[in-house]
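Remember, predicted model here, so these are calculated numbers, not experimental data.
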Amino acid sequence: MPSECTEPLTSPFGELATNLSDSELRETAYEILVGARLSSGGKSSTYASDSEKNSERAAATPQTLTSRAASKVKKALGLRSRRKKASEKAESERVKKVSTIGETMRVQMRVSEQMDSRVRKALSKVAADQINSLCFLYQKIESMVLPLEMLQQLKPSDFPNQEEYEAWQRRNLKLLEAGLLLHPLVPLDDENTAPQQLREIIDGALEKPLETSKNNETMQALRTVVLSLACRTSNNIGSVSETSTHWADGFPMNLKIYQMLLEACFDVNDETSVIEELDEVLEIIKKTWLVLGMNQMLHNLCFLWILFNRYATMDQAEGDLLSAGNNLLIKVENDAKAMKGDENYCRMLSSTLGAILSWAEKRLLGYHRYFRSDNAESTMGCVVSMAVLSVKIMEGGEGISDEDHIEGNEMDVGQEKVDAYIKSSLRAAFVQASFQYLFHYNYVPATQCAKYKMRKIMETVKSSKSSSTGQQNELPFMAKLAEDVSTLAFTEKETFSPILKRWHPLAAGVAVATLHSCYGNELKQYVSSIDELTPDILEVMKGADKLEKDLVQIAVENSEDSEDGGKSIIREMLPYEADSVTSNLVKSWIKTRTDRLKEWVDRNLQQEVWDPRANRERFALSAVEVLRIVDEAFEAFFLLPITTHSALLPDLATGINSCLQHYISMAKFGCGTQSTYVPTMPPLTRCSRRSKLPSVFKKKEKVPKKSQAGTVNGNENDSFGTPQMCCRINTLNYIQNELNVLAKRDITHLFSSGTNRDIADRMEKVFEFSAAACVEGMQQLCEATANKVIFQDLSHFFWDGLYIGEVSSTRIDPFLQELDHYLEVISITVHDKVRTQVITEVMKVSFDGFLMVLLAGGPPRAFTLQDYEIIDEDFNFLTDLFWSNGDGLPAELIEQFSTKVKDILPLFNTDTDSLIEKFKQVTLESCASSSAKSKLPLPPTTGQWSPTEPNTVLRVLCYRNDETAAKFLKKTYHLPKRL
């Protein structure tokens with residue numbers, strides 16, 4: 001154990017009310033011991049000279065030496081016989097001299113030969129003074145008040161000097177005061193005047209030495225009052241006669257004196273070793289029991305404290321002392337049941353066990369600090385056992401057998417206490433582990449511990465910090481803490497849990513659950529302080545996940561034999577959900593990235609002018625920056641040290657696709673659709689030759705056919721001009737192409753870094769929505785561009801000019817000239833890959849517009865049968881423009897989109913009567929299911945022009961400049977001549 005753990009313990013026996021020192025109590029104990037031994041049949045109390053004592057030493061018996069080799073008490077308590085070291089050879093000479101047990105006790109109790117001689121001399125005189133007694137052998141020690149007799153028998157001449165005599169006299173007076181006045185076994189009678197008389201005599205003697213001759217009046221008074229207080233009937237421990245004296249059997253004086261006797265069991269030259277003559281020493285110590293009011297139960301309790309205290313206050317290296325104390329505590333447990341009615345015993349028992357428990361729990365509540373792998377098995381098990389037994393005895397538990405202790409059946413108290421020890425110690429160990437990062441990372445732990453001195457912790461931290469200076473690529477402190485906790489858990493499992501399992505079947509499970517909770521609290525605080533995702537944070541979550549798996553594995557292994565398989569422990573371990581936390585952090589990181597990208601898109605598109613002259617590829621520069629940010633986002637994502645790229649890739653793809661689609665949507669925004677530019681069809685009317693041109697058209701001034709080529713490029717500030725529309729189309733085409741390149745590049749990067757095929761497959765499809773949006777956006781822009789050119793930019797030449805009035809004078813040539821200029825601009829501006837798509841859309845819109853002019857051009861337009869040739873020729877001119885002598889669109893493409901017009905144009909070359917009949921036929925066929933066939937229904941306008949579609953045929957009749965057609969329309973549908 002740490003050296004600072006060795007500290008003096010407060011005696012549980014209490015303190016005397018007088019200032020008797022240990023040496024004075026030891027001398028008193030020796031006097032009682034010699035008297036008790038001689039009284040019980042030992043050597044003669046007749047004074048022995050030095051020569052006689054030497055002869056006594058020489059008469060050493062073989063029995064004494066044999067007892068040293070085989071001590072029954074040592075064997076019972078588990079104390080080892082001490083092996084003699086080479087350095088103790090000189091001491092063996094002393095052993096030869098100390099041949100009798102009496103001499104052994106004198107040496108062990110540090111009593112000089114001069115004092116021993118005085119004691120024997122005094123006792124000889126006492127024996128000589130006894131009436132009808134020739135020797136002290138027949139005079140019992142319990143029938144005299146020893147301090148009184150010693151005062152009576154020894155004179156100043158028996159001491160080297162007057163000062164030593166006076167000190168000796170004061171000791172005996174204080175013994176009388178302590179035994180008869182301050183600590184009597186039976187409380188003093190308040191009406192008795194003897195105590196006051198004795199106190200006055202003692203006070204006077206302490207001021208002036210007492211004359212102790214027999215005839216001295218003070219001495220006679222002292223003898224009288226002492227005997228009156230000592231000789232009384234009482235319910236004392238043991239069997240005593242009514243004439244017995246009681247001067248040293250009161251608590252705690254008797255225990256203090258008895259402690260001095262038991263201390264002699266330890267070698268005077270080796271304070272942690274029990275002497276080999278233990279059996280003989282204890283045998284003669286027991287002879288003092290009648291004087292001191294002791295019995296076997298009090299002896300066991302005192303000897304327990306002596307063994308324990310000697311271990312605790314020395315270097316704690318002699319583990320057999322602790323083991324002996326534990327074995328003796330088992331006997332004390334059984335004694336406690338028999339002594340429940342003894343108030344003094346119960347008080348001493350509670351005090352002693354309280355001191356032991358306090359010492360043990362100080363270590364067990366932080367056992368990681370006090371025990372190591374090399375002493376845990378031998379020492380820690382005893383400490384736990386003593387703590388558990390102490391609690392059990394103090395709580396009044398029933399005694400249990402030695403076999404029960406061996407099997408560890410005291411789980412009722414043990415499990416609860418060990419559970420508390422495990423949790424407390426591991427929390428303290430965790431705090432100490434976390435405090436090492438206090439300075440290095442400016443980290444403040446969530447768990448505080450007041451049990452450890454901050455000075456020690458700071459010294460450790462500073463030392464650790466200085467030694468780690470200059471290290472590169474250090475792990476984040478929470479990741480390091482996770483490693484430390486994992487190490488601590490495995491140390492617990494291998495070193496401490498096997499010991500603690502004797503009292504707690506789920507010791508390792510409780511340990512890892514405690515560590516799991518401690519780290520979980522720190523992790524929760526750490527995660528709550530995170531503002532943004534960093535590689536360090538992911539490293540921490542990775543470490544937390546590994547730690548949790550280690551702890552759960554230990555808990556499961558430890559719980560294999562339990563009733564619920566460890567489910568109760570596992571339930572206490574609230575999951576860190578590291579994967580979930582990591583996933584949420586990555587999702588937050590993704591959202592932050594995509595939100596920033598969306599903000600960038602909004603900010604830059606507000607400033608985008610869609611100028612095709614910005615670069616050679618004629619696309620917007622903002623697209624380049626958008627794709628760069630997207631590329632960086634994916635690269636950063638795949639560099640994240642996580643194992644869930646595949647699971648989280650859809651989140652990133654969704655966010656990026658959302659931003660790209662937002663960009664695509666903004667690129668189309670404001671460009672319009674077909675409905676924006678295509679004019680609304682006017683209501684149907686019948687034609688009249690007299691009103692072919694309404695007044696509104698007649699009053700219009702003829703607009704000169706000025707070329708629009710100069711305005712084709714549009715205003716530089718117009719972001720919706722034809723060149724700008726082409727730039728938008730180019731931009732979406734560029735994005736589509738670059739997304740494919742980006743996906744392939746990321747896939748190559750993933751394969752080179754060892755990524756599995758699943759993620760690569762997902763990456764191939766990650767931009768499919770954005771790519772599809774680009775295709776759709778380009779088509780919408782192509783349609784918008786085509787409709788804008790035909791119906792807005794060239795409306796004067798087309799919708800507002802073609803075939804207005806006389807057909808022959810408003811032909812298609814001016815429109816074709818202007819359209820040719822626009823097609824040239826488009827061809828130069830748009831990218832090669834989308835040029836055909838844009839021009840095809842312009843061709844398609846021009847063909848559809850040509851049909852609208854013929855079928856929905858309004859009252860200003862009217863056609864005769866003779867106009868057919870002009871119309872047919874004009875349409876051929878229009879198709880030739882897109883064919884451009886083979887340099888334009890493919891002939892088959894032109895044929896595909898011109899077929900509908902070519903199918904409808906023959907209707908304009910059909911006579912009116914035939915048209916009417918055709919109309920009736922197709923109309924009746926279309927409404928064959930209708931029961932009402934007496935009247936032709938007005939066919940709805942579907943816009944799906946066809947020579948067999950009723951509304952198409954009807955519109956040819958409406959625009960036929962013919963009287964027959966006009967009458968039919970008036971009669972059948974009451975169509976007006978004008979709007």
Side-chain angles (χ1 to χ4, degrees), residues 366-369 371-373 422-423 425-447 449 452 457-497 508-530 533-558 573-582 585 640-644:
Y367 58 79
H368 288 85
R369 183 183 178 215
F371 299 100
R372 306 178 303 273
S373 58
I422 293 172
K423 292 178 179 178
S425 185
L426 281 165
R427 285 169 184 156
F430 177 84
V431 169
Q432 188 157 1
S434 62
F435 262 116
Q436 66 179 300
Y437 305 108
L438 185 64
F439 292 101
H440 195 72
Y441 295 98
N442 293 324
Y443 163 65
V444 179
T447 308
C449 181
Y452 294 101
I457 296 174
M458 291 181 179
E459 288 175 0
T460 303
V461 173
K462 289 178 180 178
S463 174
S464 173
K465 182 179 179 181
S466 62
S467 64
S468 62
T469 302
Q471 293 181 358
Q472 301 296 324
N473 301 321
E474 290 186 348
L475 284 173
F477 71 88
M478 283 297 290
K480 284 188 173 183
L481 182 58
E483 291 182 350
D484 292 346
V485 172
S486 182
T487 301
L488 183 60
F490 282 107
T491 300
E492 179 75 18
K493 173 190 172 184
E494 296 168 3
T495 303
F496 300 113
S497 295
V510 173
V512 296
T514 302
L515 289 175
H516 186 275
S517 174
C518 289
Y519 187 84
N521 291 335
E522 301 301 322
L523 185 64
K524 183 178 180 181
Q525 174 181 284
Y526 177 82
V527 171
S528 67
S529 65
I530 294 174
L533 185 66
T534 64
D536 279 0
I537 293 171
L538 293 175
E539 198 69 42
V540 168
M541 301 314 300
K542 180 180 178 182
D545 184 58
K546 182 181 182 302
L547 170 63
E548 185 168 51
K549 290 177 180 177
D550 290 343
L551 297 180
V552 170
Q553 181 63 28
I554 293 174
V556 171
E557 292 175 357
N558 175 250
M573 301 169 67
L574 299 179
Y576 293 157
E577 297 181 341
D579 288 342
S580 176
V581 172
T582 301
L585 289 173
L640 295 175
I642 58 177
T643 59
T644 54

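- Closest heavy-atom contact between Cys518 and Arg427: SG-CG, 3.7 Å.
- Listed by chain and number, the residues in a side-chain contact (heavy atoms from CB on, under 4.5 Å) with Ala489 are Val512, Leu515, Leu551, Ile554 (sequence neighbours excluded).
- Residues satisfying the salt bridge (Lys or Arg N to Asp or Glu O under 4.0 Å) criterion with Glu557, sequence neighbours excluded, are Lys493.
- Contact record, Asp545 with Ala578: CB-CB, 3.7 Å, taken as the closest heavy-atom pair.
- Taking the charged nitrogens against the carboxylate oxygens, Asp484 and Lys480 have no contact shorter than 4.0 Å, which rules out a salt bridge.
- The closest side-chain heavy-atom distance from Leu488 to His368 is below 4.5 Å.
- Taken to the nearest 0.5 Å, the CG atom of Asn558 stands 11.5 Å off from the CD atom of Gln553.
- The line from CG of Leu481 to OG of Ser486 is 11.0 Å long, rounded to the nearest 0.5 Å.
- Across Ala482 and Leu547, no two heavy atoms sit closer than the pair O-CD1, 3.7 Å.
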Pair Asp550-Phe490, side-chain contact (heavy atoms from CB on, under 4.5 Å): steps then yes or no
CA-CA 9 Å; Asp550 290 343; Phe490 282 107; 4.1 Å; yes
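- Going from atom NE2 of His516 over to atom CG of Leu574 covers 7.5 Å, rounded to the nearest 0.5 Å.
- Summarising the geometry of Met541 relative to Leu585, their closest heavy-atom pair is CG-CD1, 4.4 Å, with the distance given to 0.1 Å.
- Among all heavy-atom pairs drawn from Pro641 and Pro535, the shortest one is CG-O, 4.2 Å.
- In this structure Tyr519 satisfies the side chain to side chain donor-acceptor pair (under 3.5 Å) test with no other residue, sequence neighbours excluded.
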